[in-house]
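Bear in mind the structure is a predicted one, so any value in this text is a computation, not a measurement.
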Amino acid sequence: MERAASVAKKLAVVGNGSWGTAQVKLLSENGHQVRWWMRKPEDVAYVQAHGHNPSYLSDVSLDLARVLPTHSLADALQDAEIVFLVVPAAFVGAVLAQVAPAWLQDRTVVSGIKGIVPGENLLITDYLERHLGVPGARQAILAGPCHAEEVALEKQSYLTIGATNLETATQVATLLQGRFMTCSPSLDLYGLEYAAILKNIVAIACGIAHGLRYGDNFLAVLVSNALKEIEDFVQATCPPCTRRMADSGYVGDVLVTSYSQFSRNRTFGTMLGRGYSVQAAQLEMNMVAEGYYASRCIGELNERHRVAMPVIETVHGILYQKQNPRQAFERLAGVLR
């Protein structure tokens, strides 16, 4: 979509990781006022003093005339017309437990979270509706292919905005559209959300294969098979709609997460393939690999749906059943086509 002139809005971003920082950059540079919830008070003080996030994307300069960091969720959400959520899925329950449903009344909520809420195995959109009363019609999600690090570098990037109605998708797309960001609206809210979750597990598989020194031929077949698994799972679990898995919001997101140097899930998988234990790999990484938590949730959900997903199941076996990565991938190689 072309960049449209938009009236400056009051927005909130909840989460101060790489993707939260990238969203603050995009939204504030488009002229909007952004109240930014950060978990640590010392990070709030640092941003107020220096105009940089000290922990993530620290080279990004923030305009403090438009960016207002705060440690108070109530303060961040009080005047927001639209709320962007970008905390890790594993911690979203603890963060949103501090939010009163009234704070989100009549607000559009946009999820940039590529994961499932553990324990309840709920999509973020379903969690928001069940626990905070935010109907699906007032929700949107951000799908890639888009890495926060390349947004920081102002590389040409693309987002797909999923919603159940075109008005909401287009409104959110307009907020983020810019000189190096192209946004496309989509009406496949739930399919895009599941695809974004599953691609993180696929990226772990690609990392493991890389760590085990499998070649490009194998990786191409691995990803091709995984794309079919994603399509089958989405078709089995999501409301029917017009969706093309070849669109960038699906296959593009899988490819960038599976191959990019910036992919934390691929990095996590590579460490496992090179002999790290799951615990050691988690300790060495400074960021959350969403695919680790998603693997267990998808495994539990698929006990009901019974979709054949050997790539996804192989990752689950390595992460949670202590299967040897080399032996597990030797078995997987025998069923790929």
Side-chain angles (χ1 to χ4, degrees), residues 1 19 84-86 89 92 108-117 120-130 134-146 158-173 176 182-203 205 223-258 265 290-291 293-295 297-309 311-313 315:
M1 61 179 290
W19 196 212
F84 290 78
L85 297 178
V86 278
V92 73
T108 296
V109 181
V110 183
S111 171
I113 303 169
K114 309 294 179 65
I116 299 180
V117 180
E120 297 183 70
N121 291 343
L122 289 175
L123 294 172
I124 302 301
T125 47
D126 290 336
Y127 185 93
L128 288 166
E129 186 158 10
R130 179 177 299 184
V134 182
R138 285 198 284 107
Q139 295 192 52
I141 68 156
L142 305 182
C146 191
Y158 298 82
L159 284 170
T160 301
I161 315 300
T164 60
N165 64 80
L166 187 59
E167 181 181 359
T168 298
T170 302
Q171 180 188 38
V172 175
L176 292 161
T182 300
C183 297
S184 303
S186 167
L187 297 181
D188 189 17
L189 175 68
Y190 303 105
L192 282 166
E193 190 169 12
Y194 265 128
I197 292 162
L198 288 161
K199 57 97 176 181
N200 285 331
I201 306 174
V202 175
V223 172
S224 298
N225 280 255
L227 284 167
K228 184 64 169 64
E229 294 180 21
I230 292 173
E231 182 176 15
D232 290 346
F233 188 86
V234 167
Q235 298 288 52
T237 57
C238 297
C241 74
T242 302
R243 64 173 63 95
R244 292 178 66 254
M245 297 303 291
D247 288 345
S248 62
Y250 307 96
V251 67
D253 209 3
V254 173
L255 292 176
V256 75
T257 310
S258 296
N265 290 284
E290 289 279 20
Y293 300 99
S295 178
C297 297
I298 291 294
E300 293 172 353
L301 284 171
N302 201 37
E303 290 176 3
R304 181 169 75 250
H305 299 290
R306 298 187 179 279
V307 178
M309 296 195 294
V311 175
I312 302 297
E313 290 164 4
V315 174

[atom1]/[X] to [atom2]/[Y] distance, rounded to the nearest 0.5 angstrom?
| X | Y | atom1 | atom2 | answer |
| --- | --- | --- | --- | --- |
| N165 | R138 | CG | CZ | 11.5 Å |
| C238 | F233 | SG | CZ | 7.5 Å |
| I201 | T257 | CD1 | OG1 | 12.0 Å |
| T108 | Q139 | OG1 | CD | 9.5 Å |
| I124 | L85 | CD1 | CG | 8.0 Å |
| Q171 | L176 | CD | CG | 11.0 Å |

By side chain to side chain contact (heavy atoms under 4.5 Å, CB included), L189 pairs with (sequence neighbours left out) T125, I141, T164

How close do [X] and [Y] get, counting heavy atoms only, and between which atoms?
| X | Y | result |
| --- | --- | --- |
| G291 | N265 | N-OD1, 2.8 Å |
| V109 | L128 | CG1-CD1, 3.7 Å |
| G144 | D253 | N-OD2, 3.2 Å |
| A226 | V311 | CB-CG1, 4.2 Å |
| L192 | G249 | CD2-O, 3.7 Å |
| S186 | A169 | O-CB, 4.0 Å |

Beyond-backbone contact of [X] with [Y], side-chain heavy atoms, under 4.5 angstrom:
| X | Y | answer |
| --- | --- | --- |
| I116 | Y127 | no |
| D247 | T160 | no |
| K114 | K199 | yes |
| Y190 | P239 | yes |
| M309 | N302 | yes |

Item checked: Verdict with supporting geometry, V234 and R243, side chain to side chain contact (heavy atoms under 4.5 Å, CB included) -> CA-CA 10 Å; V234 167; R243 64 173 63 95; 3.7 Å; yes

Margin query: Other residues, nucleotides and ligands only: do more than 12 of their heavy atoms fall within 6.0 Å of CD on Q235?
Written below: yes

Practice prompt. Tell me, with the steps shown, if L301 and T237 meet side chain to side chain contact (heavy atoms under 4.5 Å, CB included).
Written response: CA-CA 10 Å; L301 284 171; T237 57; over 6 Å; no

Quiz prompt | Heavy-atom donor-acceptor pair, T170 side chain to L166 backbone, under 3.5 Å | solution = yes

When you measure from the side chain of D232 to the backbone of V307, do you find a donor-acceptor pair of N or O atoms at a distance under 3.5 Å?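 No: the side chain of D232 does not pair with the backbone of V307.
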
Point to revise | side chain to side chain contact (heavy atoms under 4.5 Å, CB included) evaluation trace for E129 with V134 | key: CA-CA 4 Å; E129 186 158 10; V134 182; 5.7 Å; no

Please tell me whether N200 and E290 have a donor and an acceptor in their side chains that are separated by less than 3.5 angstrom. no

- prompt: Under 3.5 Å, is there a donor-acceptor pair between the D188 and Y250 side chains?
  reply: yes

* Asked: Can you list the steps and then say if V202 with E229 is a side chain to side chain contact (heavy atoms under 4.5 Å, CB included)?
  -> CA-CA 10 Å; V202 175; E229 294 180 21; over 6 Å; no

